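Everything on this sheet refers to the single structure shown next.
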Number of protein chains: 2
Amino acid sequence: MPKPTFFNLPAEKQEQIFRAAVAEFAAHPYAAAAINRIVARAGIAKGSFYQYFHDKKDLFLYCLQRIGEEKMAYLAPVLQRAQALSFFDLLQELFVQGVRFVQDHPAYGAIGRRLVVERHPDLDAALREVSAQGEVFYRDRLEQAVARGEIRDDVDLALLAFLLNRLSGLLVEYHLERAGGAYDEQMLATAGQFIRLLRTGMEARPDAERRAASYPSPHPSQGEAP
Amino acid sequence: MPKPTFFNLPAEKQEQIFRAAVAEFAAHPYAAAAINRIVARAGIAKGSFYQYFHDKKDLFLYCLQRIGEEKMAYLAPVLQRAQALSFFDLLQELFVQGVRFVQDHPAYGAIGRRLVVERHPDLDAALREVSAQGEVFYRDRLEQAVARGEIRDDVDLALLAFLLNRLSGLLVEYHLERAGGAYDEQMLATAGQFIRLLRTGMEARPDAERRAASYPSPHPSQGEAP
DNA sequence: CTTTTATGTGACCGCTCGGTCACATTGTAC
DNA sequence: GTACAATGTGACCGAGCGGTCACATAAAAG
């Protein structure tokens, strides 16, 4: 938790510091992220920084909390409708909003990815909390969907919750790498394909099944192979 | 590429240095990995190190190449049978061998994960090469499988190749996090569930389809939710 | 032996790091 | 004005970094 001094600062200055920190943590692994660069970018003295935060870890966790709040703000409209949506509609909405979030805040995405992969004592507790949160959420939704008969009852829900929690990150990465990242039709098509794969799998099947699986765009006009 | 001096070393000593480097790169982000610790662990003088390698990047790329060779050795038996196997059998074998590889060499897994997520100028070229390699492989197999009618012809192959390339990493991670990591029945069951999800999806369907999807273990006896 | 060539060595360089501290500046109370 | 508390500041500390270099050692060549 930041020191009280930080919260006494004008909101404008708090934001400057937060933005500088986010940029730094997005650009460098935690261990290599430099307070020196953060204070330079924020336009404050190093001594001042240590009046606001106890140490680097304190700053990082503050950033993580802020990012989490912003993400929740993105997801809130969807979450409110969660009960009213079918599981796959919910999934689609969550993925789409997830892509939008990272498109609007690429640095947040970079920090999230680092958090998942990096091994640093300062980060371990935060990582466990964040990923457990996501998995519990998916697990609950999955159980409801199974109860409603939307999802087969013979799948390993723990495995599936784990996968869904990570897949949203992969989808974002794919869209950013290939499509460059606009929030557009192409993105919706990719998300649709993604969901369709999850729903009905990739195996060829008799035609009867095929049509039931259609979603927003059946053919995203991706490049064909030579 | 290491300097000639390195290859003049007794194989034993080369191995000592390689192992020390792998341990360091697995335990720390590239930027934070320390030549000082590597030479200490390898039992050589720092000056000697710079007779063997041009710099840190040189050492890291050498490690990556060695790891790639060892992985190929693991996968070779499967790859040789690739044409004879159905796509999903091939996938199952690849995933299983992938898990085995990381179980036998946890440090290699850690380095691979870092490579995918970390952003460092020294690593960018290597990352692009490695991931492109994997995707091209999957893409080729997918096209063959579509031609053989094993896989529906209306999926976005680029997206699917990307996902498969990453999913193998996720499966490994899941198995290591939950099961702790033995190469055992439990692992085979998880891989089977995984493949089954890919084949037939998670959506509930009329019973006819259900049975066609069975694979090694239909019920992996994962814990039930309260 | 001496010379030459290849290899081993650790003190050292310049730099950056996270974090501290003595002091300067500011704002309010009186 | 003075007094006092809160906040701003950057030089500084010890440590660790990647990388260098003058020199020691050793083996082979003459």
Side-chain angles (χ1 to χ4, degrees), chain A residues 1-18 20-64 114 118-123 126, chain B residues 1-18 20-63 114 118-123:
Chain A
M1 216 182 33
K3 299 181 180 179
T5 325
F6 177 71
F7 296 107
N8 293 341
L9 254 33
E12 169 69 19
K13 200 168 182 180
Q14 291 184 33
E15 222 52 29
Q16 248 175 54
I17 296 170
F18 171 68
V22 163
E24 179 69 10
F25 286 126
H28 305 273
Y30 178 81
I35 306 285
N36 281 333
R37 282 190 293 259
I38 293 173
V39 297
R41 193 192 290 245
I44 62 171
K46 201 171 176 178
S48 298
F49 173 84
Y50 283 96
Q51 302 237 20
Y52 307 147
F53 297 91
H54 294 92
D55 50 25
K56 186 156 85 161
K57 176 181 175 181
D58 190 20
L59 172 66
F60 184 81
L61 294 182
Y62 170 72
C63 290
L64 225 51
R114 280 192 197 292
E118 225 149 283
R119 287 288 169 251
H120 190 291
D122 285 7
L123 275 49
Chain B
M1 213 183 34
K3 299 181 182 179
T5 326
F6 176 70
F7 296 109
N8 293 341
L9 254 34
E12 169 69 16
K13 200 167 184 179
Q14 291 185 33
E15 222 51 29
Q16 247 174 54
I17 296 170
F18 171 67
V22 163
E24 179 70 10
F25 287 126
H28 306 272
Y30 178 81
I35 305 285
N36 281 332
R37 281 191 294 260
I38 293 174
V39 297
R41 192 192 289 246
I44 61 171
K46 200 172 176 178
S48 299
F49 173 84
Y50 283 97
Q51 303 237 22
Y52 307 148
F53 297 91
H54 295 92
D55 50 26
K56 186 157 84 160
K57 176 180 176 181
D58 189 22
L59 171 65
F60 184 82
L61 295 182
Y62 170 71
C63 289
R114 280 191 198 292
E118 224 148 283
R119 288 287 171 251
H120 190 290
D122 285 7
L123 276 49

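None of these values were measured; they are calculated from a predicted model. Labels below follow one simple rule: chain letters A, B, ... track the order of the sequence lines, proteins then strands, and each chain is numbered from 1.
For the pair B/K57 (side chain) and B/P121 (backbone), a donor-acceptor distance under 3.5 Å is absent. At least one donor-acceptor pair closer than 3.5 Å links the side chain of A/R114 to the backbone N or O of A/F25. B/H54 places a side-chain N or O within 3.5 Å of a backbone atom of B/M1 that can act as its donor or acceptor partner.
Rounded to a whole Å, the NZ atom of B/K3 is 14 Å from the P atom of C/dA6. Remark: P of C/dT7 and CD of B/Q14 are 12 Å apart, rounded to the nearest angstrom. Rounded to a whole Å, the CD1 atom of B/I17 is 13 Å from the P atom of C/dT7. We find that NE2 of B/H28 is positioned 11 Å from P of D/dG18, with the value rounded to whole Å.
Using cut-offs of 30° and 60° on the angle between ring planes, the pair A/Y62 and A/F6 is perpendicular.
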Contact state string [nucleotides 8-21 of chain C, B base, S sugar-phosphate only, - no protein heavy atom under 4.0 Å]: BBB------BBBBB
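Annotation for B/V39 and B/A45: closest pair CG1-O, 4.2 Å, computed over non-hydrogen atoms.
Residue A/N8 places at least one side-chain N or O closer than 4.0 Å to OP1 or OP2 of D/dT7.
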Dot-bracket encoding per residue of DNA chain C, Watson-Crick/G-U cut-off under 3.5 Å, | denoting interstrand: ||||||||||||||||||||||||||||||
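Each salt bridge (charged side-chain N to carboxylate O under 4.0 Å, His left out) pair with one or both residues in residues 26-45 of chain A, not counting sequence neighbours, appears once here: A/E24-A/R37.
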Full working for side-chain contact (heavy atoms from CB on, under 4.5 Å) between A/F53 and A/I17: CA-CA 11 Å; A/F53 297 91; A/I17 296 170; 4.1 Å; yes
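Results of the side chain to side chain contact (heavy atoms under 4.5 Å, CB included) test with A/F60 over A/L123, A/D122, A/D55 single out A/L123 as the only residue that passes.
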